[in-house]
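Values reported hereafter were calculated over all heavy atoms of this structure, with side chains retained and with hydrogens, waters and symmetry mates removed. Quick note on labels: first sequence line is chain A, next is B, and so on, each numbered from 1.
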2 protein chains.
Amino acid sequence: MATPPTPLSPLPAPADLAADDGAPVCGNADDWESLSAAESGAWHGFLQAHAEIQVELEHELQAAHQLSFSDYFALLALERAPAGRLRMHDLAKPVRLTRSGLTRLVERLERVGLIERTPCEDDARGTEARITEQGRALVHAASATHLAGVRRRFLERFSPAELAVLAEQFGRLTA
Amino acid sequence: MATPPTPLSPLPAPADLAADDGAPVCGNADDWESLSAAESGAWHGFLQAHAEIQVELEHELQAAHQLSFSDYFALLALERAPAGRLRMHDLAKPVRLTRSGLTRLVERLERVGLIERTPCEDDARGTEARITEQGRALVHAASATHLAGVRRRFLERFSPAELAVLAEQFGRLTA
DNA sequence: CACAAGTGCTTGCGCACGCAACTGTTATCC
DNA sequence: GGATAACAGTTGCGTGCGCAAGCACTTGTG
């Protein structure tokens, strides 16, 4: 959104280099036209597929277990961690939240008894989040729901061979 | 997040069907283990790739043009629409926002002069959003930035043949 | 050992968004 | 034609999140 510094178009002028010959105002009139059908389809398909699946699965999880994706990912990460404990810092990455966001998330989960917070033994600055039995039970149930959704909305639509290729291809996208 | 109805685990009991033999508490101890490497890799790769690319490109757009993705998609949809005008209702889908969210978005964009709002002629209930010249200029500049990002972070990592296959595959994911 | 620099987490603040309720308009159905 | 339903858009409210500043503790350096 246009904010303080440059509220409006920081452009030189409508058209000041090439003469305006009536056609597209400049070279980038609609850059998207320069994409092939495959390029455009792949990119927009990627966005659209993600958006649709994301909201559907999240609503599903919310309806069935009153859990947001952030909640679920946090519980899942803890459930898998040795002793069900993880320091805030290490929890932030799998949950894909900033530390401040994570503080709030953990606070909410603690408030309803799904996890507990204890000061870290060997480093008094740190805090450890530990999943409770209730948390474990809930994340197991939620996993069943979620995994079913993932299969239905994603995995089932591809053959094993396709999935192997996709895994490699998505791997290329992550630095 | 656990909300009013069932703040905590709505489960029958820790283990009430199979005897707890010390091993996994029940059949779904960690359902994710049941996924093949390809399945797991494809799904998590999908999520991870989207998350990474999304934040990188959005930051890029924000830094270069003070535009969020929502802002950009709204302007882009309008720029492509006949006469640069679209009713709120028709703008909501491409921007992937609810109507209330769109109301606020359009309000912000209007405030900085990127679009204008006028009552709809043939339907007194409706409102039309129209992109201004400044909006057009900005969306062109932003498109150049964004498209470069899309190429760099996505398109370039695949061959034309792969992109064609991906387009078809993502199409399968969208109902 | 003191003092700076770095690290881990929290807090103040602002913001974009969804949901549900509301207003005003148009279509539908006796 | 008047009641009712459907629809378009806006508003009140709550919430989750990021950013930047702050506090507490630890580590490095002279």
Winner on side-chain proximity to H89(A), out of dG8(C), dC13(D), dC19(D), is dG8(C)
Between CD of E107(A) and C1' of dG12(C) the distance, given in whole Å, is 13 Å
note: M88(B), atom CE; dC7(D), atom P; distance rounded to Å ~ 18 Å
Across all chains, not counting sequence neighbours, the side-chain contact (heavy atoms from CB on, under 4.5 Å) partners of A38(B) are L163(A), A164(A), S36(B)
Exercise. Would you say dC17(C) has OP1 or OP2 under 4.0 Å from some side-chain N or O of S100(B)?
Worked result: no
Residues R152(A), E60(A): salt bridge by 4.0 Å N-O rule:
yes
Under 3.5 Å, side-chain donor or acceptor atoms of residues 124-131 of chain A against the rest of the protein: list the pairs with distances, not counting sequence neighbours.
from: R125(A); atom 1: NE; to: D123(A); atom 2: OD1; distance (Å): 3.1
from: R125(A); atom 1: NE; to: D123(A); atom 2: OD2; distance (Å): 3.4
from: R125(A); atom 1: NH2; to: D123(A); atom 2: OD2; distance (Å): 2.9
from: E128(A); atom 1: OE1; to: R85(A); atom 2: NH1; distance (Å): 2.4
from: E128(A); atom 1: OE2; to: R85(A); atom 2: NH1; distance (Å): 2.9
from: R130(A); atom 1: NH2; to: E116(A); atom 2: OE1; distance (Å): 2.2

Is it the case that the side chains of S34(B) and R151(A) hold a donor-acceptor pair, with the cut-off being a distance below 3.5 Å and no angle test?
yes
With distance as the sole criterion, do the side chain of R108(B) and the base of dG14(C) form a donor-acceptor contact below 3.5 Å?
-> no
Taken in chain and number order and not counting sequence neighbours, the residues that satisfy ring pair (Phe, Tyr, Trp, His ring centres under 6.0 Å) with H44(B) are W32(B)
* Asked: Counting just side-chain N and O atoms, does S70(A) come under 4.0 Å of either OP1 or OP2 of dG16(D)?
  -> no
From the list R80(A), Q134(A), H65(A), E79(A), side chain to side chain contact (heavy atoms under 4.5 Å, CB included) with V139(A) holds only for E79(A)
Taken to the nearest whole Å, CD/E128(B) to P/dA8(D) is 14 Å
Residues at least two apart in sequence or cross-chain that pass ring pair (Phe, Tyr, Trp, His ring centres under 6.0 Å) with F154(A), listed by chain then number, are F158(A), W43(B), F46(B)
Here the distance between atom P of dC17(C) and atom CZ of F73(B), to the nearest Å, is 12 Å
| What does R87(B) touch in the nucleic acid at a heavy-atom separation under 4.0 angstrom: a base, only the sugar-phosphate, or nothing? | sugar-phosphate
Residue pairs meeting ring-ring contact (aromatic ring centres under 6.0 Å, His included), one or both in residues 102-133 of chain B, sequence neighbours left out, come to none
Residues of residues 115-127 of chain A with a heavy atom under 4.0 Å from any atom of DNA chain C, listed by number, are R117(A), R125(A), G126(A), T127(A)
From the candidates dT10(C), dG12(D), dG9(D), the one with an atom nearest any side-chain atom of R104(B) is dG12(D)
What residues 50-58 of chain B contributes to the DNA chain C interface at heavy-atom separation below 4.0 Å is none
Rounded to whole Å, the CG-P distance (L102(B) to dG9(D)) equals 9 Å
For A92(B), the side-chain contact (heavy atoms from CB on, under 4.5 Å) test, sequence neighbours excluded, returns L102(B)
Within residues 90-99 of chain B, those residues having any heavy atom closer than 4.0 Å to DNA chain C are L97(B), T98(B)
Across all chains, not counting sequence neighbours, the side chain to side chain donor-acceptor pair (under 3.5 Å) partners of R87(A) are none
By side-chain contact (heavy atoms from CB on, under 4.5 Å), A77(A) pairs with (sequence neighbours left out) L86(A), L91(A), P94(A)
For residues 166-175 of chain B, the side chain to side chain donor-acceptor pair (under 3.5 Å) pairs (sequence neighbours left out) are E162(A)-Q169(B), E162(A)-R172(B), E168(B)-R172(B)
Rounded to whole Å, CD of Q66(A) lies from P of dG16(D) at a distance of 13 Å
